[in-house]
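Below is one structure, written out as structure tokens; comments come after it.
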Amino acid sequence: MSTETPLDLKKTVNLPKTGFSQKANLGQSEPARLKKWAEMDLYAMIQRSREGREKFILHDGPPYANSDIHIGTALNKILKDFVVKSRVMLGFDSPYVPGYDCHGLPIELFVDKKLGAKKANMPAVSIRRACREHASEALKRQTRDFQRLGIFGLWDNPYMTMSNAYEAETARLFGRFVERGYVYKGARPVYWCIHDQTALAEAEVEYREHTSPSVYVKFPLVTDPKSIDPALEEKKVFFLAWTTTPWTLPSNLGLAVNPIFEYAAIENGDEVYIVASELADAVAEKCGLGTEARVLARFPGAQLDRLEARHAWLNRPSLLMLGEHVTLGGEADAETELDVKEARDKRATGKAGTGVVHTAPGHGHDDFVIGTRYGLEIYCPVDNAGRFTSEVEHFAGERVFEANAKIVDFMRGQGSLLFSEEYAHRYPHCWRCKNPVIFRATPQWFISLDARGDNTLTETDEDGRAVSNFTENEGDAPLNLREGALKEIERVKWIPSWGRERMKNMLKNRPDWCVSRQRVWGVPIPVFYCKGCDEAIADSNIIKHVADIFERETADAWYAREARELLPEGFACPKCGGQDWTKETDILDVWFDSGSSSVAVLEKYPELRWPADVYLEGGDQYRGWFNSSLMVGLASHDRAPYDRVITHGWVINVQGEKMSKSQGTGISPNEVVKQSGAEILRLWVASSNYQEDVRVSDEILNRISDAYRKMRNTARYALGNLDGFNPARDSVPYDELMEIDRWALEELEVVALRSRAAYEAFEFFTVYHALYNFCTVTLSARYFDIIKDRLYTAAPRSVARRSAQTALYRIVDALARLLAPVLVFTADEIWENLPREDERAASVHMAEFPAGRALVDAELLTRWAGIFEARDVVLRALEEARAAKTIGSSLEAKVIITASGGTHELLKRYAGELRYIFIVSQVELKQSAGEAGAPLGVEVVRADGEKCERCWNYSVHVGESERYPSLCERCVAVLGEIEGEQRA
RNA sequence: GGUGGCGUAGCUCAGUUGGCAUGAGAGCAGGCGAUCGAUAAUCGCCCGGUCGCAAGUUCGAUUCUUGCCGCCACCA
């Protein structure tokens with residue numbers, strides 16, 4: 001026995017100690033850590049650390065460089081970051097080159113507004129400069145915000161669709177389409193303002209109240225009526241069409257009916273009208289034929305295919321066509337594109353139609369599509385100012401809106417009008433001059449989806465691999481773009497899997513790709529026209545020449561230079577030999593720009609490669625970027641530029657409505673970052689099932705903050721109890737660990753396996769829930785609570801304590817790695833606060849996920865599942881005792897358990913441990929003769945003996961030591977150990 | 001209107017190849033309590049769901065089928 005003074009009991013308790021603070025203070029700590037990472041150039045370090053590893057390429061879809069980032073943009077970028085970081089930690093070389101979509105209408109419109117009236121007199125080059133500046137500004141801000149979110153990537157050198165190299169490549173790729181025979185010039189209806197005499201984009205029209213004449217027009221059947229139904233023999237049969245744009249009637253070339261509708265022939269005196277059966281009564285009433293239609297015959301719409309009618313008054317055929325776009329009820333019925341919008345808003349509010357749709361291919365989108373399918377001319381006898389051209393009988397020179405009334409009068413006089421009335425509806429207007437617009441076919445450049453490419457690739461790429469795999473058998477005609485795309489869609493992996501179906505459906509019915517835009521902020525369509533003979537020069541060699549100029553000077557060269565300077569020297573028109581040229585004024589659709597990225601980026605950055613392993617974007621990109629990228633991939637490499645496509649849903653609020661900035665329902669990512677930290681936003685993304693729409697609200701973010709704190713505290717507890725622990729020196733071999741410590745490690749193994757698998761499958765929400773549940777239930781509520789006694793009161797270097805520390809160390813080390821892709825900042829902070837180890841990487845982001853063992857000790861886990869079941873029963877009993885005021889703290893309790901059969905055996909095996917597992921002072925185990933499966937009997941009484949001053953357990957041995965009279969036998973022994981160590 | 005998707009506790013998610021733990025789980029939130037040696041922490045107990053609605057198939061459906069409703073995206 002020592003004669004020294006007894007130890008200060010408080011000081012012999014091993015309380016947690018760590019530099020890892022409880023409060024995260026993310027608002028300040030995150031920027032500080034970002035600065036540190038920037039100084040050490042962590043991204044480059046990560047890249048170097050993975051040199052030579054298998055590559056995994058996520059190709060960034062470029063966000064639009066217009067405004068500040070939106071919550072949806074944040075969701076997208078954070079998900080991408082999860083992918084890249086987790087692939088790095090799975091051991092891949094996974095670089096990330098972010099990009100920006102810089103051209104296009106919204107920027108140009110913004111600049112228009114800023115320049116105001118000045119713009120009219122400005123040269124295109126100046127406008128483009130202003131656009132370029134605007135995009136640069138926006139992308140700088142976005143870059144700053146993305147970095148603030150903890151997203152790692154090549155931020156110093158992102159790709160920009162407006163860079164000279166990119167613009168040049170875009171032009172070259174257009175040349176590639178030309179070379180393969182996919183490009184043609186044709187007419188297609190677009191919004192047209194007859195006041196400003198310009199085409200308008202969808203975004204440039206606004207809907208306002210407008211009154212139009214609503215007319216029911218008779219088109220006489222030319223085909224023998226008895227071929228439809230014998231009952232119609234010898235009758236005067238008419239198709240009855242409805243429209244609110246009578247001025248498009250002179251351009252009528254056909255009538256559309258829905259093949260799956262039933263149609264009826266209704267009688268009116270000696271005339272018979274064909275309308276949709278379901279609308280027959282409504283039409284009859286409207287047109288004054290009585291309240292009930294007299295039906296002579298009924299037949300399916302499909303039966304009317306390709307029958308011939310005559311124009312309502314012109315001596316010209318009007319072809320019967322079948323179209324799914326024909327609907328019943330609502331105002332969309334007999335309409336051109338202009339009114340279809342209306343139907344969207346008002347859904348079948350009134351039955352104004354007839355089920356027979358007047359079709360003018362030059363004046364409506366549906367009309368155009370169906371007209372093209374049936375080989376009709378895209379007829380548009382209306383000039384830029386909205387006047388009928390001279391070929392229009394009776395109305396030449398009339399302005400279309402004024403012509404409406406004249407046409408109605410004319411039809412009334414001539415007998416083809418059955419009924420007309422004024423009709424109020426919403427109609428598109430020019431956003432600038434506020435006048436109503438029309439739909440009018442104008443010349444545009446198209447990429448054909450059905451033309452056979454007549455110039456298949458024969459080249460090899462840099463790796464010497466043949467890049468043509470379009471045709472499997474020599475001699476077969478090459479697939480066209482549509483067929484090629486469908487084939488590739490089959491091969492690509494879609495996540496979620498229904499993406500394939502969706503992509504296919506979209507592709508099947510899509511019309512040719514109109515790549516013309518009548519704008520200046522973009523890549524010009526590099527085509528020349530001969531002034532002498534009007535020949536269009538769309539030639540891939542010429543385009544290559546132009547692209548090389550773009551490469552040096554940006555595409556501004558198109559506007560800054562004369563045509564002659566852009567063409568090879570001495571170039572003459574192959575048709576007439578002329579040498580005077582004009583330049584095409586249209587620019588390329590921005591989707592062509594971004595669609596070019598796989599080639600313009602993946603093949604240009606040395607760390608990347610074509611094709612990409614994965615594209616990851618919102619579901620709106622099926623028709624957008626996924627599609628345009630696929631087209632460019634096919635034209636350039638005969639293959640999709642991606643092997644996998646992952647899509648995410650939209651960010652919506654609690655009511656399930658989409659986030660809207662204008663309605664103030666949006667949550668700004670920058671606000672969240674400022675108030676709560678980027679970690680919270682990232683954790684929110686991880687917690688959500690992104691494959692569906694993702695909900696966000698203040699409440700949800702608060703929950704996430706709570707979850708963050710819980711995980712942080714869990715890590716902090718482990719770190720605090722590892723103070724002074726040296727893994728190399730103090731670790732206890734696995735086989736010598738106490739069983740509950742092994743249990744914790746087995747549970748860790750299960751979670752680690754699960755998380756790894758979830759990362760591999762891009763199921764981050766599974767990672768989140770697995771890790772969060774592990775922290776709260778397995779660790780905090782169970783393991784940590786149970787080992788607390790041992791950690792605090794056992795001798796610091798005792799095997800018992802080191803056993804727990806060994807487990808804690810491995811757990812928190814693994815936790816940091818597994819959390820790293822999500823909690824980028826916090827995981828790194830945990831990493832820093834782990835006990836030093838020589839081979840530890842400078843940042844958790846250079847480390848890999850825990851390797852994981854193949855085998856888990858399932859038997860051990862099953863045993864402990866049984867123990868914890870019993871524990872739950874005991875805890876309930878303790879709660880009752882607490883309510884009865886028998887005990888307060890659970891250490892004041894002694895638990896008497898009665899069990900039978902297997903349960904008894906199990907508990908007996910751990911008899912010595914039970915008091916620690918239940919966190920009570922004493923446990924008495926009794927065997928009952930009850931049948932197997934009988935409920936556990938639990939009795940709770942006051943613990944025997946006195947409370948030990950040091951460990952707070954109750955013991956009958958307190959007071960037995962003279963030196964430490966207030967201590968239990970355990971603590972007396974521990975203090976002896978400590979004193980021994982101090983002497984040594 | 002077309003195509004695709006979603007709908008399990010207040011919130012985020014599990015789960016059910018249709019019953020074989022017949023009583024649908026977890027965490028958070030809420031209520032009550034314990035502790036005061038993870039402390040702007042920690043632990044426990046309790047409350048909470050007619051698995052969107054309605055039919056059908058079946059001995060039996062939240063799970064299968066159909067229809068409907070609601071919400072979202074793309075498109076017309």
Using Watson-Crick or G-U wobble geometry with both distances below 3.5 Å, tell me the partner of [N], or none.
| N | result |
| --- | --- |
| B/A9 | none |
| B/G18 | none |
| B/A54 | B/U66 |
| B/A24 | none |
| B/A73 | B/U3 |
| B/G44 | B/C32 |

Side chain of [X] only, heavy atoms from C-beta on: which candidate in [options] is closest?
| X | options | result |
| --- | --- | --- |
| A/Pro16 | B/C13, B/A38, B/U3 | B/A38 |
| A/Asp785 | B/U42, B/C45, B/U12 | B/U42 |
| A/Asn505 | B/U3, B/C45, B/C74 | B/U3 |
| A/Val13 | B/G44, B/A73, B/G37 | B/G37 |
| A/Glu879 | B/C74, B/G44, B/C13 | B/G44 |
| A/Phe765 | B/C13, B/C74, B/G4 | B/C13 |

[X] [atom1] to [N] [atom2], straight-line distance once rounded to whole Å:
| X | N | atom1 | atom2 | answer |
| --- | --- | --- | --- | --- |
| A/Ile786 | B/A38 | CD1 | C1' | 16 Å |
| A/Arg502 | B/C6 | CZ | C1' | 12 Å |
| A/Ile704 | B/G27 | CD1 | C1' | 11 Å |
| A/Arg703 | B/A9 | CZ | C1' | 13 Å |
| A/Gln621 | B/C75 | CD | P | 10 Å |
| A/Leu683 | B/C11 | CG | P | 19 Å |
| A/Arg623 | B/G2 | CZ | C1' | 11 Å |
| A/Phe918 | B/C43 | CZ | P | 18 Å |

Under 4.0 angstrom, heavy atoms only, what part of the nucleic acid is [X] near: base, sugar-phosphate, or nothing?
| X | answer |
| --- | --- |
| A/Trp684 | nothing |
| A/Tyr768 | nothing |
| A/Asn14 | nothing |
| A/Arg882 | sugar-phosphate |
| A/Arg950 | base |
| A/Asn773 | sugar-phosphate |
| A/Glu617 | nothing |
| A/Gly720 | nothing |
| A/Ala781 | sugar-phosphate |
| A/Val777 | sugar-phosphate |
| A/Ser780 | base |

Item to complete: Return yes when atom NZ of A/Lys504 has more than 12 non-hydrogen atoms of other residues, nucleotides or ligands closer than 6.0 Å, and no otherwise.
Response: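 Check passes, neighbour count above 12.
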Discussion item. Does either side chain, that of A/Ser921 or that of A/Lys894, offer a donor lying less than 3.5 Å from an acceptor on the other one?
Written reply: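 No, no side-chain donor-acceptor pair sits under 3.5 Å.
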Worksheet entry | A/Asp589-A/Trp513 side chain donor-acceptor pair, cut-off 3.5 Å |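 There is such a pair between these side chains.
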Practice prompt. Find which nucleotide of RNA chain B each of A/Glu501 and A/Val694 is nearest to by heavy atoms, and output the residue with the more 5' nucleotide.
Written response: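 It is A/Glu501 whose nearest nucleotide is closer to the 5' end.
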Worksheet item: If each of A/Gln691 and A/Leu15 is mapped to the nucleotide of RNA chain B with the nearest heavy atom, which maps nearer the 5' terminus, i.e. the 5' end?
Response: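 Final value for this comparison: A/Gln691.
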Does a nitrogen or oxygen in the side chain of [X] sit under 4.0 Å from OP1 or OP2 of [N]?
| X | N | result |
| --- | --- | --- |
| A/Tyr792 | B/A38 | yes |
| A/Lys788 | B/A38 | yes |
| A/Arg716 | B/U39 | yes |
| A/Lys710 | B/U42 | yes |
| A/Arg709 | B/A40 | no |
| A/Gln22 | B/U39 | yes |

Worksheet item: Of all heavy-atom pairs between A/Asn14 and A/Pro796, which one has the smallest distance, and what is that distance?
Response: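 Closest pair (atom of A/Asn14, atom of A/Pro796, distance): OD1-CG, 3.6 Å.
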Practice prompt. Mind telling me whether A/Phe261 and A/Tyr263 have parallel, tilted or perpendicular rings, with 30° and 60° as the class edges?
Written response: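 Judged by the thresholds at 30° and 60°, the geometry between A/Tyr263 and A/Phe261 is tilted.
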Worksheet item: Should the ring pair A/Tyr191 and A/Phe439 be called parallel, tilted or perpendicular, given that the plane angle runs from 0 to 90° and is split at 30 and 60?
Response: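 Plane angle over 60°, so perpendicular.
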How far does the [atom1] atom of [N] sit from the matching atom of [M], given to the nearest Å?
| N | M | atom1 | answer |
| --- | --- | --- | --- |
| B/C11 | B/A29 | C1' | 7 Å |
| B/U62 | B/A9 | P | 15 Å |
| B/C75 | B/G30 | C1' | 45 Å |
| B/G52 | B/U8 | P | 6 Å |

Discussion item. Quiz question: going by heavy-atom distance under 3.5 Å, is there a donor-acceptor pair between the base of B/G37 and the side chain of A/Lys10?
Written reply: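 Between B/G37 and A/Lys10, which were checked side chain against base, a qualifying N/O pair under 3.5 Å is present.
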Worksheet item: What distance do A/Thr647 atom OG1 and A/Gln621 atom CD have between them, rounded to the nearest 0.5 Å?
Response: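 It is 10.5 Å, given to the nearest 0.5 Å.
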Practice prompt. Decide whether a cation-pi geometry holds between A/Arg782 and A/Phe868; the criteria are a distance under 6.0 Å from NZ or CZ to the six-membered ring centre and an angle within 45° of the ring axis.
Written response: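 A/Arg782 over A/Phe868 ring: yes.
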Worksheet item: Would you say A/Asn773 and A/Tyr768 make side-chain contact, with heavy atoms under 4.5 Å?
Response: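 They are not in side-chain contact.
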